[in-house]
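Here the structure is laid out as structure tokens; the discussion comes afterwards.
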Amino acid sequence: GAIYYREVTSDQIGDYSSYLEKLEPGDEFPEPETGDVYLYNGYEYRYEKRLYDGYGMSNPEEFLVWDDAQSVEVDFKWSAIHLDKNGPVGEILSSINGEPITCLDYAFLKHTNITVTPRIPDSVIAMTSTFQDCPNITTITNIPDSVRLLSYTFKGNFALTSVPAIPSLVQEMNETFLGCSALSGQLEVNTNNLESWNIQGTLYDTNITEITGSTTFKDELLSTKYF
């Protein structure tokens, strides 16, 4: 079933004891407001809240996503996180009531039941630690062109063997594939929005031998195999 909560004030995922209004299936969706929660198909979606490893951080105007040495302004709408780290994984919604899903930070962190990742909506901007420490993932279905934040996204996925091209808007790739020891051969990278301090450890402990694509950071990326 699907349940929409209005104005959830608790930051703890899964705690809806302080909701002001609960909308049942069949009710008309309201215009989303900061803090709204939508539970559907095993996912928790929150409006204008960035889900962070079990806790939410909100700012109704915009978010500053900090990663080591860089801040990136992102206009977040809906964030999503999968609630059962051992359960089956269904489709991720692309939008709710006309507003896009833009953030999948930590969405599947330490999930044990994924071998092929679900399709990522074309609106997603942030994928920090989205699939970090998922030991059974072998294949990444897609990385949409909209993505800008890819730090720690696939870190620790030692069974991973297949990765799509890295899109042109990506700005952060710290430890993206760290520990992906089964990843070998070529990796296509098409972004030129990188600096030395946002590609720390990107390919550490992988067996990638060549960077292809339009990026001008080929040598810098290959050097991250050795931290």
Side-chain angles (χ1 to χ4, degrees), residues 50-51 62-80 91-95 99-108 116-132 134 137-157 160-180 183-204 206-227:
R50 180 176 181 242
L51 300 176
E62 63 186 3
F63 289 76
L64 286 178
V65 180
W66 292 94
D67 189 318
D68 297 337
Q70 178 180 2
S71 66
V72 178
E73 290 188 3
V74 176
D75 182 21
F76 281 133
K77 296 303 180 182
W78 288 98
S79 297
E91 180 183 2
I92 306 168
L93 295 178
S94 60
S95 65
E99 295 282 12
I101 310 302
T102 56
C103 180
L104 290 179
D105 289 352
Y106 304 91
F108 301 95
V116 178
T117 62
R119 183 164 186 82
I120 306 300
D122 292 338
S123 54
V124 169
I125 297 169
M127 290 183 63
T128 300
S129 295
T130 299
F131 296 105
Q132 181 178 340
C134 296
I137 289 179
T138 60
T139 304
I140 306 302
T141 300
N142 73 310
I143 302 174
D145 291 341
S146 55
V147 168
R148 294 167 60 186
L149 306 176
L150 271 182
S151 286
Y152 319 107
T153 306
F154 309 108
K155 179 179 178 179
N157 293 359
L160 182 63
T161 59
S162 176
V163 177
I166 305 301
S168 62
L169 296 181
V170 171
Q171 294 174 255
E172 293 187 359
M173 290 184 66
N174 286 311
E175 299 186 15
T176 303
F177 299 106
L178 186 148
C180 297
L183 197 59
S184 62
Q186 297 180 338
L187 176 67
E188 182 179 345
V189 180
N190 294 313
T191 178
N192 287 309
N193 299 313
L194 302 172
E195 300 290 346
S196 60
W197 36 262
N198 59 25
I199 56 171
Q200 299 294 311
T202 303
L203 299 176
Y204 185 74
T206 72
N207 288 293
I208 294 294
T209 56
E210 182 181 5
I211 303 296
T212 64
S214 60
T215 187
T216 57
F217 291 85
K218 292 181 174 68
D219 292 340
E220 291 87 346
L221 284 165
L222 275 178
S223 71
T224 66
K225 291 173 58 176
Y226 313 104
F227 232 107

With rounding to the nearest 0.5 angstrom, report the [atom1] to [atom2] distance, [X] to [Y].
| X | Y | atom1 | atom2 | answer |
| --- | --- | --- | --- | --- |
| I140 | T130 | CD1 | OG1 | 10.0 Å |
| D122 | S94 | CG | OG | 8.5 Å |
| S214 | N190 | OG | CG | 4.0 Å |
| L169 | I125 | CG | CD1 | 9.5 Å |
| K155 | C134 | NZ | SG | 13.0 Å |
| Y226 | L203 | OH | CG | 10.0 Å |

Main chain of [Y], side chain of [X]: is a donor-acceptor contact present, judged purely on distance under 3.5 Å?
| X | Y | value |
| --- | --- | --- |
| T215 | V189 | no |
| K225 | T206 | no |
| T191 | S168 | yes |
| N157 | Q132 | no |
| Q200 | S196 | yes |
| T102 | V124 | no |
| T202 | L221 | no |
| S162 | T139 | no |

Does the side chain of [X] reach to within under 4.5 Å of the side chain of [Y], using non-hydrogen atoms?
| X | Y | result |
| --- | --- | --- |
| F154 | I143 | yes |
| M173 | N198 | no |
| I166 | L150 | yes |
| L160 | F177 | yes |
| T141 | I120 | no |

Testing Q186, K218, E188 for side chain to side chain contact (heavy atoms under 4.5 Å, CB included) with E210, which one passes?
Q186

Among E175, E172, E220, the one residue meeting side chain to side chain contact (heavy atoms under 4.5 Å, CB included) with I199:
E220

Could you walk me through whether V116 and I137 pass the side chain to side chain contact (heavy atoms under 4.5 Å, CB included) test, one step at a time?
CA-CA 6 Å; V116 178; I137 289 179; over 6 Å; no

One pair to check against side chain to side chain contact (heavy atoms under 4.5 Å, CB included): V163 and L187. What are the steps and the verdict?
CA-CA 8 Å; V163 177; L187 176 67; 4.1 Å; yes

Check step by step if side-chain hydrogen bond (donor to acceptor under 3.5 Å, both in side chains) holds for T216 and N192.
CA-CA 6 Å; T216 57; N192 287 309; 3.0 Å; yes

Given Y106 and T128, is the side chain to side chain contact (heavy atoms under 4.5 Å, CB included) satisfied, shown in steps?
CA-CA 6 Å; Y106 304 91; T128 300; 4.3 Å; yes

Show the numbers, then the answer: is there a side chain to side chain contact (heavy atoms under 4.5 Å, CB included) between T176 and Y204?
CA-CA 9 Å; T176 303; Y204 185 74; over 6 Å; no

Is it true that atom CG of D145 has more than 12 heavy atoms of other residues, nucleotides or ligands lying nearer than 6.0 Å?
no

Heavy-atom closest contact (A80 atom, A107 atom, distance)
O-CB, 3.4 Å

Considering all heavy atoms of both residues, which atom of S123 and which atom of S146 are nearest to each other, and what is their separation?
C-OG, 3.6 Å

